[in-house]
A.B. asks: 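Got a structure here, written out as structure tokens. Questions coming.
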Protein chains: 2
Amino acid sequence: MITDQLKNHILSFAAPTEKEINDFLNNFEFLAIKNKEFLLKEGQYCKHQYFILKGCFRCFFINHKGAEKVVNFGIENWWLSDFESLINQTPSLLNIQAAENSKVLKISKEKLDAFLEDSLELNRYFRIILEKVRVADQRRIQFMYNLSGEELYNTFREYNPSFVQRVPQYMLASYLGFTPEFLSKIRAKKKP
Amino acid sequence: MITDQLKNHILSFAAPTEKEINDFLNNFEFLAIKNKEFLLKEGQYCKHQYFILKGCFRCFFINHKGAEKVVNFGIENWWLSDFESLINQTPSLLNIQAAENSKVLKISKEKLDAFLEDSLELNRYFRIILEKVRVADQRRIQFMYNLSGEELYNTFREYNPSFVQRVPQYMLASYLGFTPEFLSKIRAKKKP
DNA sequence: TTCACTTCTTAATCTAGATTAATTTTTTCT
DNA sequence: AGAAAAAATTAATCTAGATTAAGAAGTGAA
């Protein structure tokens with residue numbers, strides 16, 4: 001089943017009954033997304049949550065100088081959405097674009113909310129996911145203003161060795177908060 | 001009741017029964033914390049969650065240059081803990097210190113976990129809280145590397161006008177990611 | 001197998017914000 | 001109230017990283 005991957009992910013954090021989880025999984029739609037296609041564009045209302053089965057996405061916004069700023073990446077077994085737009089029902093400030101050919105499962109906010117209304121186990125699942133996200137966000141904020149650009153890059157490499165090859169360097173530079181030129185400089189320094 | 005404030009907070013996001021919520025509230029301990037006292041020190045294991053009834057706290061760590069870096073503030077009706085230490089059972093990298101004379105409610109991780117085992121409504125409550133935290137963290141990350149120091153300060157002021165007076169400027173500068181000297185410069189520029 | 005496009009690199013110059021250090025103002029404590 | 005400590009200001013100097021610009025190297029489609 002195409003939804004098995006999500007099923008396993010849920011079961012690794014919570015314990016819904018077989019019926020409950022199958023009912024839930026029935027509400028997802030499968031999508032194949034080509035590299036550079038958008039799941040969400042700035043200005044749109046985010047109405048879905050996406051679970052990444054395969055591939056890679058980046059969330060970015062256009063800053064006041066017109067430059068793309070990467071806020072997040074998403075890879076296999078991550079949930080993706082613009083939470084701010086989704087929860088507050090406001091136009092999104094973010095773009096979500098595939099960085100590889102990808103496969104996702106999609107569910108509407110209404111359907112998800114309906115399940116969250118009654119299900120202890122799904123509330124547990126998302127609570128635990130969000131706790132982990134919180135830990136990651138906190139650590140990221142801590143890194144962001146404790147470390148120099150060079151240290152940021154080295155730390156990121158250390159924690160995510162395989163990911164560094166996965167996206168163009170200019171995206172990684174943007175995510176880490178500096179320019180591609182500066183990343184080049186760092187990399188040139190390390191070689192000899 | 002000293003726990004009424006927390007009760008109201010929970011009831012504004014979830015709908016536990018009267019018995020359920022009262023059972024839960026029975027597990028909290030009230031603490032009065034004097035300005036500059038610590039709730040948690042670097043190296044300790046964080047074993048509690050705190051709900052702030054009144055007052056203000058800062059979470060900070062000591063960076064590799066020996067400087068205090070403020071990661072977060074907490075005020076009335078916020079939950080406080082080092083999530084990373086609490087969840088992963090690792091020694092904390094953070095200090096949590098009162099920035100005012102404060103009042104908190106305290107619950108141990110074990111007791112909280114026991115309630116989360118069975119309660120749909122408490123899982124809902126914390127899931128919703130964490131969604132809001134996520135939105136705030138995302139926005140903060142976005143601000144952090146889209147805005148200049150001056151813009152950061154002005155934006156923070158705009159969103160939190162009353163808070164700016166509440167903590168020393170050196171803490172605010174640290175939270176915003178720059179030095180107190182630079183904050184002085186920004187403020188001097190605005191006056192005339 | 002070439003044309004077009006995207007990504008990466010290098011180097012010169014520039015700037016926001018850090019650092020240092022001295023001075024003033026505010027707060028706290030007895 | 002007065003001394004001591006904590007916090008804020010000011011100014012001079014310094015630096016990590018931005019900006020600009022140009023070329024090199026990959027990548028891909030026809």
Side-chain angles (χ1 to χ4, degrees), chain A residues 34-38 56 58 60 62-70 73 95 97-101 143-157 163-192, chain B residues 34-38 55-56 58 60 62-70 73 95 97-102 143-157 163-192:
Chain A
K34 291 229 177 78
N35 189 12
K36 308 216 169 158
E37 272 184 57
F38 285 81
C56 180
R58 63 169 178 150
F60 68 95
I62 310 291
N63 78 357
H64 46 11
K65 287 175 196 156
E68 293 181 357
K69 290 282 182 177
V70 176
F73 291 109
N95 301 277
Q97 186 188 29
E100 295 174 1
N101 295 332
F143 281 160
M144 269 176 84
Y145 57 123
N146 188 28
L147 302 183
S148 68
E150 187 167 355
E151 290 168 324
L152 266 181
Y153 175 69
N154 291 331
T155 306
F156 185 85
R157 274 201 120 197
F163 188 76
V164 175
Q165 275 86 270
R166 220 167 147 175
V167 295
Q169 278 177 44
Y170 73 91
M171 286 187 196
L172 192 54
S174 174
Y175 174 78
L176 294 173
F178 45 74
T179 58
E181 291 85 356
F182 184 63
L183 180 51
S184 255
K185 210 152 93 180
I186 292 171
R187 287 163 52 88
K189 219 194 297 191
K190 293 208 78 175
K191 267 180 216 150
Chain B
K34 289 229 178 79
N35 189 12
K36 310 215 169 161
E37 272 185 57
F38 285 81
C56 179
R58 64 169 179 151
F60 69 96
I62 310 292
N63 78 357
H64 46 12
K65 289 176 195 155
E68 292 180 358
K69 290 283 182 178
V70 176
F73 291 109
N95 301 276
Q97 186 187 30
E100 295 175 0
N101 295 332
S102 303
F143 282 159
M144 268 176 84
Y145 57 123
N146 188 27
L147 303 184
S148 68
E150 186 167 355
E151 290 168 323
L152 265 180
Y153 174 68
N154 291 330
T155 306
F156 185 85
R157 273 202 121 196
F163 188 75
V164 176
Q165 274 87 271
R166 222 168 143 173
V167 295
Q169 279 178 44
Y170 74 90
M171 286 188 195
L172 192 54
S174 174
Y175 174 77
L176 294 173
F178 45 74
T179 58
E181 292 84 354
F182 184 62
L183 180 50
S184 255
K185 211 151 92 180
I186 292 170
R187 287 163 52 86
K189 220 197 292 193
K190 295 207 78 177
K191 268 180 213 152

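Numbered from 1 within each chain, the chains take letters A, B, ... in sequence-line order. What you are looking at is a predicted structure, and each value in this text was computed from that prediction instead of being measured. Just the heavy atoms: all of them, side chains too, but no hydrogens, waters or symmetry mates, feed the values below.
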A.B. asks: Please check the phosphate of C/dA11 (OP1 and OP2 only) for any side-chain N or O of A/Lys185 closer than 4.0 Å.
C.D. replies: no
A.B. asks: Let me spell it out: for each of A/Gln169 and B/Phe182, pick the nucleotide of DNA chain C with the closest heavy atom. Which residue's pick is nearer the 5' end?
C.D. replies: A/Gln169
A.B. asks: Below 4.0 angstrom, N of the basic side chain to O of the carboxylate: do A/Lys185 and A/Glu150 qualify?
C.D. replies: no
A.B. asks: So, is B/Lys65 close to the C/dA18 phosphate, meaning a side-chain N or O under 4.0 Å from OP1 or OP2?
C.D. replies: no
A.B. asks: Given C/dG17, D/dT10, C/dT6, identify the nucleotide with an atom nearest to the side chain of A/Lys36.
C.D. replies: C/dT6
A.B. asks: Starting from C1' on C/dT27, measure out to CG on B/Asn101 and report it in whole angstrom.
C.D. replies: 14 Å
A.B. asks: B/Asn35 CG to D/dA6 P: how many Å, rounded?
C.D. replies: 13 Å
A.B. asks: Assess the pair B/Phe143 and B/Phe156: is the distance between their ring centroids shorter than 6.0 Å?
C.D. replies: no
A.B. asks: Take the protein atom CD of A/Glu181 and the nucleotide atom P of C/dT10, then report the distance between them rounded to whole Å.
C.D. replies: 12 Å
A.B. asks: It should be established whether B/Thr179 places a side-chain nitrogen or oxygen under 4.0 Å from OP1 or OP2 of nucleotide C/dA18.
C.D. replies: yes
A.B. asks: Is it true that A/Ser148 and A/Glu151 share a donor-acceptor pair across their side chains at a distance under 3.5 Å?
C.D. replies: yes
A.B. asks: Rounded to the nearest Å, what distance is computed from the CZ atom of residue A/Phe178 to the C1' atom of nucleotide D/dT19?
C.D. replies: 16 Å
A.B. asks: With side-chain contact (heavy atoms from CB on, under 4.5 Å) as the criterion, how do B/Glu37 and B/Gln97 come out once you've worked through the C-alpha distance, each side chain's angles and the decisive distance to 0.1 Å?
C.D. replies: CA-CA 6 Å; B/Glu37 272 185 57; B/Gln97 186 187 30; over 6 Å; no
A.B. asks: What is the distance from CG of A/Leu147 to C1' of D/dA16, rounded to the nearest Å?
C.D. replies: 14 Å
A.B. asks: In this structure, how many angstroms lie between the P atom of C/dT6 and the OH atom of A/Tyr170, rounded?
C.D. replies: 9 Å
A.B. asks: In whole Å, what is the span from the OH atom of B/Tyr153 to the C1' atom of D/dA8?
C.D. replies: 12 Å
A.B. asks: How many whole angstroms separate atom CG of A/Leu172 from atom P of C/dT7?
C.D. replies: 14 Å
